[in-house]
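Take a look at the structure below.
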Amino acid sequence: MSQTAVDIQHAAVIGAGTMGRGIVMCLANAGVRVQWVDNNPQMLEQALLAVAETYAHNVRQGRIEQAEADARIARVSAAADYPAIREVDLVIEAVYENLELKQQIFRQLDALLKPEAILASNTSALDIDAIAAVTQRPQQVLGLHFFSPAHIMKLLEVVRGARTAPEVLEAALALGRRMGKVSVVAGNCFGFIGNRMLNTYVLEARKMLLEGAFPYQVDAALQGFGFAMGPFRMYDVVGIDLGWRARQLDGVGQDQPEVQVDNRLCELGRFGQKSGNGYYHYEPGSRQAEHDLEVDALVQQVSEGLGYQRRPIGPEEILERCLLALVNEGAKILEEGIAESAHDIDLVYLNGYGFPKDQGGPMSWADRQGLAAVHQRLLRLEAELGEHWQPARLLTELAQAGKGFAER
Ligand code: NAD
């Protein structure tokens, strides 16, 4: 039985970038005192100003009273160094996505913080157990995966490591409730629930670009289904260069055919919305994604250069392949116990990934199609497109038993 600070009143956030800013506001909004650390003092200063400006904006919009904004701001303070945060109940780390860096920070925190303090990482995909392993308190370590912008997005993936204590998980879920989040417990694997499924969906979308589709066609098919954004518009918002830089740093995956369009776009400085061009064109100051014929020509050139015989790909095929990729990976996630239920997977997709609410989430969508029909379609795709379409064992079993994911 571990000791744990179940009632979190005082926290620290490490990292004052995009995610740190939103996480600090989530905590302050929930009444938690927050100390903030960043090894770049300028970044921290800018972040404190940005938080104050967000609250001032909320007051101008009439969403909160001035007194409430003042109270929230008063809860947030800069901390000069790690010793200054030694009394906190919880630390949420949100520095660059790099395992060694996170391990180094967790080692330092572990040596300083009271034994009952909880250490959390906001990593998007890294191994929580590998982070926990460098500490003397792996039972007090877990993932708290917020989504961007963290103070607005409802979803919180609470990532359970192999040794995370139940009381620690409970404390995190209680904090999630106080912050008004939809919290979903996920097991530890690359990308957890949401990003692991997203990877298969995006891979399929990228394969279709090489086979004959254009980015605007893929996005239009998915947006027609009701997704808030298709995958290529989403990458323009996130920044196409993030994956490109990560592949360059790791030296892994850069030669994969599916990322060659991204590589070419980045080589041309087309990083997405922030650079005015990505998969789409953006007029200065506008977020309106405009179809760009240059991108279609680039896609065609890349795929033909790789030896593909392009063919027209219609919206039905686009939709089927993207949705079934999500469903089949979701089934594997269930089978492995990474998600506790199909409903949890649906919650992740509805609250973090813009899946259309009226479709109820990918697993519930699959249940409505009938898993026997889904299974048949997967077998057909496997025969046509290769073994990455092999149906998950759980999906095959449920289809044969005439059951749905919800009845599992
Ligand atoms: P960011 O680049 O905007 O910010 C990172 C911050 O960490 C910077 O301010 C930097 O100065 C600071 N930092 C770096 N090394 C440090 C150290 N040793 N000590 C203290 N501060 C340090 O990054 P981000 O987009 O906010 O991402 C942070 C984490 O959140 C990553 O693990 C990322 O994978 C994850 N995440 C990002 C998103 C997203 O959409 N951006 C979504 C979910 C999770």
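Bear in mind the structure is a predicted one, so any value in this text is a computation, not a measurement. Both ligands and their constituent atoms are indexed starting at 1 by order of listing. Index from 1, following the sequence.
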Heavy-atom distances under 4.0 Å are what count here, so tell me which part of Val238 touches ligand 1: side chain, backbone, both or neither.
neither

When the ring centroid of Phe147 is compared with that of Tyr353, is the distance short of 6.0 Å?
yes

Within a strict 4.5 Å, meaning less than it, do heavy atoms of the Leu395 and His375 side chains meet?
yes

With a 4.0 Å heavy-atom cut-off (strictly under), which part of Phe146 contacts ligand 1: side chain, backbone, both or neither?
backbone

For atom 32 (O) of ligand 1, the protein heavy atom that lies nearest, with its residue and separation:
Glu97 OE1, 2.5 Å

Counting C-beta onward and ignoring hydrogens, is there a side-chain heavy-atom pair between Arg196 and Cys189 closer than 4.5 Å?
yes

Centre-to-centre under 6.0 Å for Phe355 and Phe227, is that the case here?
yes

If a pair satisfies salt bridge (Lys or Arg N to Asp or Glu O under 4.0 Å) and one of its residues is in residues 120-141, list it, with sequence neighbours excluded.
Asp110-Arg137

Does the protein place any heavy atom closer than 4.0 Å to atom 23 (O) of ligand 1?
no

Should Gln260 and Ser303 count as side-chain neighbours, where that means a heavy-atom distance under 4.5 Å?
no

Between Asn351 and Val182, is there a donor-acceptor pair closer than 3.5 Å when you use the side chain of the first and the backbone of the second?
no

Please state which protein non-hydrogen atom is closest to atom 21 (N) of ligand 1 and give its distance, to 0.1 Å?
Asn39 N, 3.3 Å

Between CD1 on residue Ile193 and CD on residue Glu340, distance to nearest 0.5 Å
8.5 Å

Top protein contact for atom 26 (O) of ligand 1, by heavy-atom distance
Met19 N, 2.7 Å

Just need the protein heavy atom nearest to atom 36 (N) of ligand 1, so name the residue and atom and give the distance.
Ser124 OG, 3.2 Å

Starting from atom 4 (O) of ligand 1, find the nearest protein heavy-atom neighbour and note its residue, name and distance.
Gly17 CA, 3.3 Å

Give me the residue, atom name and distance of the protein heavy atom closest to atom 12 (C) of ligand 1.
Asp38 OD2, 3.2 Å

Would Gln104 count as a contact residue for ligand 1, given that I'm defining contact as a non-hydrogen atom of the residue lying under 4.0 Å from a ligand atom?
no

Identify the closest protein heavy atom to atom 40 (O) of ligand 1: which residue and atom is it, and at what distance?
Ser148 CB, 3.3 Å

Does even one non-hydrogen atom of Glu93 get within less than 4.0 Å of ligand 1?
no

With a 3.5 Å distance limit and no angle check, can you tell me whether Asn195 reaches the backbone of Leu198 through a side-chain donor-acceptor pair?
no

Any donor and acceptor pair, going by atom type alone, linking the side chain of Thr164 with main-chain N or O of Val141 inside 3.5 Å?
yes

Protein heavy atom at shortest distance from atom 3 (O) of ligand 1:
Thr18 N, 3.0 Å

Report the member of Val95, Asn122, Leu44 with the shortest heavy-atom distance to atom 28 (C) of ligand 1.
Val95

Please verify whether a non-hydrogen atom of Tyr96 lies at under 4.0 Å from ligand 1.
yes

